[in-house]
Amino acid sequence: MGKVYISGKMGEKSLSEATRDKFAQAEERLKAEGLDPINPATDEYQDVMRVVLAEACEDWEDADIEGEWNEYAEMLMHDLRIISLCDALYMLADWQQSPGATAEHAYAKALGKEIRYEVEVMDGENGLVADLQRILNELKA
């Protein structure tokens, strides 16, 4: 396994420091394992995304297509193209709270990509045991 796309809840047009930090921490963990992570929360990735969106919007307008321009759909399509070039997907603990990350998960699964999961250790019924059960259920599906 080489390239690994990090997927998780972002949910912000302008990424918060907390979002950037959780993606950066995952990136560091993956690098420590000798992997090549793709972190969509970096400034570099976001800059490329802005260029891709601008070009897609121009193409949309030039094509004279009926309907409304959907920036979110274009962002997701870009991410899916990147995922198709990766060997694996790394799901942050909050991925199920994100429609985009859920779609990325389904797409990677459909492509037969390896999918790894971050596990958050917490107390109570939503803690480690619940997370491990969820992961086992995902693996069985």
Side-chain angles (χ1 to χ4, degrees), residues 1-63 65-141:
M1 178 173 43
K3 289 205 178 296
V4 181
Y5 183 90
I6 303 169
S7 179
K9 183 179 178 187
M10 287 185 163
E12 310 145 345
K13 200 151 190 144
S14 178
L15 298 180
S16 69
E17 221 31 62
T19 296
R20 290 179 184 277
D21 286 347
K22 75 178 173 184
F23 276 82
Q25 289 171 14
E27 179 180 9
E28 289 308 311
R29 283 193 301 275
L30 294 168
K31 282 181 179 177
E33 292 180 37
L35 302 171
D36 184 12
I38 298 191
N39 177 351
T42 64
D43 287 337
E44 180 181 61
Y45 192 97
Q46 294 296 309
D47 289 345
V48 169
M49 179 67 78
R50 280 188 275 285
V51 171
V52 167
L53 286 175
E55 290 172 357
C57 186
E58 285 178 22
D59 290 345
W60 178 271
E61 290 168 354
D62 291 344
I65 298 172
E66 288 187 33
E68 202 170 310
W69 163 252
N70 186 329
E71 182 178 274
Y72 180 76
E74 289 299 324
M75 289 170 52
L76 183 57
M77 291 300 296
H78 173 73
D79 292 341
L80 296 178
R81 283 191 284 282
I82 299 300
I83 290 168
S84 73
L85 302 173
C86 291
D87 301 301
L89 197 63
Y90 183 76
M91 307 306 298
L92 297 179
D94 61 3
W95 73 273
Q96 290 179 309
Q97 298 169 18
S98 165
T102 302
E104 292 167 353
H105 180 268
Y107 181 69
K109 193 171 184 178
L111 293 179
K113 303 282 182 184
E114 179 178 340
I115 302 175
R116 297 179 59 189
Y117 300 89
E118 174 185 62
V119 177
E120 236 176 17
V121 178
M122 303 179 304
D123 295 328
E125 63 187 49
N126 294 320
L128 181 59
V129 173
D131 284 344
L132 290 174
Q133 186 60 54
R134 178 187 51 77
I135 291 167
L136 289 173
N137 291 339
E138 287 288 334
L139 292 174
K140 289 179 188 176

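Any value given below was found using the heavy atoms of this structure, including those in side chains, with hydrogens, waters and symmetry copies removed.
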Q: Grab the two heavy atoms, one from S98 and one from T102, that are nearest each other, plus how far apart they are.
A: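 That closest heavy-atom pairing would be O-OG1, 2.8 Å.
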
Q: Test of understanding: with side chain to side chain contact (heavy atoms under 4.5 Å, CB included), list the residues that count as partners of E28, not counting sequence neighbours.
A: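 E28: side chain to side chain contact (heavy atoms under 4.5 Å, CB included) contacts with K31.
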
Q: With sequence neighbours excluded, what pairs up with H78 under the ring-ring contact (aromatic ring centres under 6.0 Å, His included) test?
A: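 Counting only residues at least two positions away or on another chain, H78 forms a ring-ring contact (aromatic ring centres under 6.0 Å, His included) with Y45.
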
Q: Mind checking salt bridge (charged side-chain N to carboxylate O under 4.0 Å, His left out) for D36 and listing every partner two or more places apart, or none if nothing turns up?
A: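 With sequence neighbours excluded, D36 shows a salt bridge (charged side-chain N to carboxylate O under 4.0 Å, His left out) to K3, given in chain and number order.
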
Q: I'd like to know if the side chain of E118 and the backbone of A93 have a donor-acceptor N/O pair within less than 3.5 Å.
A: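 Yes, because the side chain of E118 sits within donor-acceptor range (under 3.5 Å) of the backbone of A93.
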
Q: Which value, rounded to the nearest 0.5 Å, describes the distance between M10 atom CE and Q46 atom CD?
A: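 Going from CE on M10 over to CD on Q46, the span is 5.5 Å.
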
Q: Please work out which of the three classes, parallel, tilted or perpendicular, describes the rings of H105 and W95, given edges at 30° and 60°.
A: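 Plane angle under 30°, so parallel.
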
Q: Side chains of L53 and M75, heavy atoms from C-beta outward: is any pair under 4.5 Å?
A: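 Sidechains of M75 and L53: in contact.
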
Q: Between CD1 of I38 and CG of L85, what distance do you get to the nearest 0.5 Å?
A: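 CG of L85 is found 7.5 Å from CD1 of I38.
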
Q: Could you report the tightest heavy-atom contact between L15 and A41, atom names first, then the distance?
A: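 Residues L15 and A41, closest heavy atoms: CD1-CA, 3.7 Å.
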
Q: Go through the structure and list residues passing side chain to side chain donor-acceptor pair (under 3.5 Å) with T42, not counting sequence neighbours.
A: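 Result, side chain to side chain donor-acceptor pair (under 3.5 Å) vs T42: none returned.
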
Q: Who are the side chain to side chain donor-acceptor pair (under 3.5 Å) partners of Y107, not counting sequence neighbours?
A: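 Applying side chain to side chain donor-acceptor pair (under 3.5 Å) to Y107 gives none.
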
Q: Using every non-hydrogen atom in the two residues, find where A56 and E74 come nearest and quote the distance to one decimal.
A: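 Taking every non-hydrogen atom into account, CB-OE1, 3.5 Å.
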
Q: Just jot down the side chain to side chain donor-acceptor pair (under 3.5 Å) partners of S84, sequence neighbours excluded, or say none.
A: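 Testing S84 for side chain to side chain donor-acceptor pair (under 3.5 Å), a comparison that skips the adjacent residues, returns none.
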
Q: Might you point out which heavy atoms bring E138 and K109 nearest each other, and give the distance in Å?
A: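 Where E138 meets K109 most closely, the heavy atoms are O-NZ, 3.8 Å.
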
Q: Under the salt bridge (Lys or Arg N to Asp or Glu O under 4.0 Å) definition, can you give me all pairs with a residue in residues 84-96, not counting sequence neighbours?
A: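 Every salt bridge (Lys or Arg N to Asp or Glu O under 4.0 Å) pair that includes a residue of residues 84-96, provided the two are not neighbours, is K22-D94.
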
Q: With a 4.5 Å limit on heavy-atom distance, are the side chains of C86 and V4 in contact?
A: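 Of all side-chain heavy-atom pairs linking V4 with C86, none is under 4.5 Å.
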
Q: Using the ring pair (Phe, Tyr, Trp, His ring centres under 6.0 Å) rule, collect all pairs that involve residues 3-25, keeping only residues at least two apart or in two chains.
A: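 Found none.
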
Q: Of the non-hydrogen atoms in L76 and G100, which two are nearest, and what is the gap between them?
A: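 The answer is CD1-O, 3.9 Å.
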
Q: How close do M91 and I115 get, heavy atom to heavy atom, and via which atoms?
A: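 Looking at all heavy atoms of both residues, the closest pair is CG-CG2, 3.6 Å.
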
Q: Kindly state each residue pair satisfying salt bridge (Lys or Arg N to Asp or Glu O under 4.0 Å) with at least one member in residues 95-108, sequence neighbours excluded.
A: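 Found none.
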
Q: Hey, could you give me each pair passing salt bridge (Lys or Arg N to Asp or Glu O under 4.0 Å) that has a residue in residues 42-52? Not counting sequence neighbours.
A: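 Pairs touching residues 42-52 that pass the test: R20-D43, D47-R50.
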
